[in-house]
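Have a look at the structure below before the remarks.
In each ligand, atom 1 is the first atom listed, and ligand 1 is the first ligand listed. Throughout, numbering of the chain's residues begins at 1 and tracks the sequence.
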Amino acid sequence: MAAQRDYYQLLGVAESATTDEIKKAFRRLAKQYHPDRNPNNPQAAERFKEINEAHDVLSDPEKRKKYDTLRRYGAFAGAGNASARGRRESTTGRGGADSGDLDMSDFGGLGDLFSSIFGRRGADREAEPEEVETSVTIPFRVAALGGSVPITLAMPEVCPTCGGTGAAKGATINTCPECKGRGTVSFGQGGFAVNRPCPVCRGRGTVPSQRCPTCQGSGEVRVEKRITVEVPAGVEDGARLRLKNQGPKGQGDLIVVIHVAPDRFFRREGLDVIGVVPINLAQALLGSRIKVKTLDGKRVVLRIPPGTQHGQKFRIAGHGIERNGRHGDMYVEAHVTLPERLSAEEQEALRSFAEKTGMKY
Ligand SMILES: [Zn+2]
Ligand SMILES: [Zn+2]
C-alpha cells in the first residue's frame, strides 16, 4: 500500500549529500534497524531492506545519477511534497531550468535500474485510484455539532494550455523511446513481471518534441481550490473523511484528516461533553444557582447544592453529542476558586468561622 519511499528521505540525507555522508547515514540506520537488534519485528526488517536498497542505489554514482533523473521526473513518491500529498502524484513541472534537457540516452539501463530498485516489490499500483490527503483543524464545537468547514488547497488540475497532453502548440508527438509507446515499463525477477507507468512519458506512450510552457510537460497545473467539507456531528480527532471525486483533476478522492482543536470550556468523553464552571467558596459551601451554556449555546440554570466539592460533576441530561441516533449528556464540573488575598477583616471573619467549626489551621 505504501508509496515508494524516497531514498534521500529514507536515509535522512540531503539531495546534495556526499557519498561519505550517505555511507555514514546508512551505517547509523542499518545498525538501528538490523534484524539482530530487532528480532520478530517485521517493520524493522522492512525498514532494514529499504535502507539497504537506498544505500545500494545512492552509493553507486551511476545508479544515483539515473535515480536522480527519474526522481526529478516524479517517478517516486515523496520527493518534494507540497501541501497536498498524494499517491502517484507527479512532482514534475517544478524542476526549473534543468528539467528541459533530458538526455534520453541516460535511460538505456532503466529497466535494470528499475528491477534493482523495485525487484522485491510485487504489487502493481497502477490500478489504485489517485487520491490526495490533506488535514484541517476544526473547533471543538464544530466537531461536536457538525458543520461546514471551508478549506483551500493546491490541487492538480488538467493544464488549460495543452489540455493535459503536455505538448507545446505545434510540437510533434513522438513515440516514447523508453517504453516504445506502451506507456508502461515492466520489470521483475523470478517470474514476477510488474508493470509501472513509464516515468519518461508518464504513461502516455508518447513524448512531445517541445513541452507545454505552462505545465512543463506534466499535463497538469496546481490550482488553489476552495472546497467545503461537511463535518458530521460527533466527528473524532484523527477521523478521515473521504470526499468522492474532489481529488486531483476532479476524478480521484480527497481525504480530509480532521484534527479537533481543544476548547477552553468543553472536553469530550465519548458522546458526553464536560464543561468546567468556576464557583466561589460561598457558592460551594452554601449552594447556589448558576447559569451554564450548553454546547449548542442554550442557557441552562443549574442548582449547585451546599457542600459541593471541587471537581464534582453535575449532569444535564441530553445535552451531549448526538450521533447515529444516540445522545450523550453534558456534565458540569465545578471548580472551586479561592480568593488569593484576604483583608485583615476578612481574615478575622474566617478565623472565627474556623474556630466555630473546629477547623484547624
Ligand atoms: Zn500544459
Ligand atoms: Zn514512455
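A salt bridge between Glu21 and Lys24 is absent, with no side-chain N of the basic residue lying under 4.0 Å from a carboxylate O of the acidic one.
When every heavy atom of Val132 is checked against every heavy atom of Pro248, the shortest pair comes out as CG2-CG, 3.4 Å.
Environment of NZ in Lys225: crowded, with over 12 heavy atoms of neighbouring residues, nucleotides or ligands closer than 6.0 Å. Applying the 6.0 Å contact sphere to CG of Asp36 captures more than 12 heavy atoms from other residues, nucleotides or ligands.
Angle SG(Cys201) to the Zn ion (ligand 2) to SG(Cys176), rounded to 10°: 110°. To the nearest 10 degrees, the angle centred on the Zn ion (ligand 1) between SG in Cys215 and SG in Cys162 reads 110°. Geometry about the Zn ion (ligand 2) gives an angle of 110° between SG of Cys198 and SG of Cys179, rounded in steps of 10 degrees.
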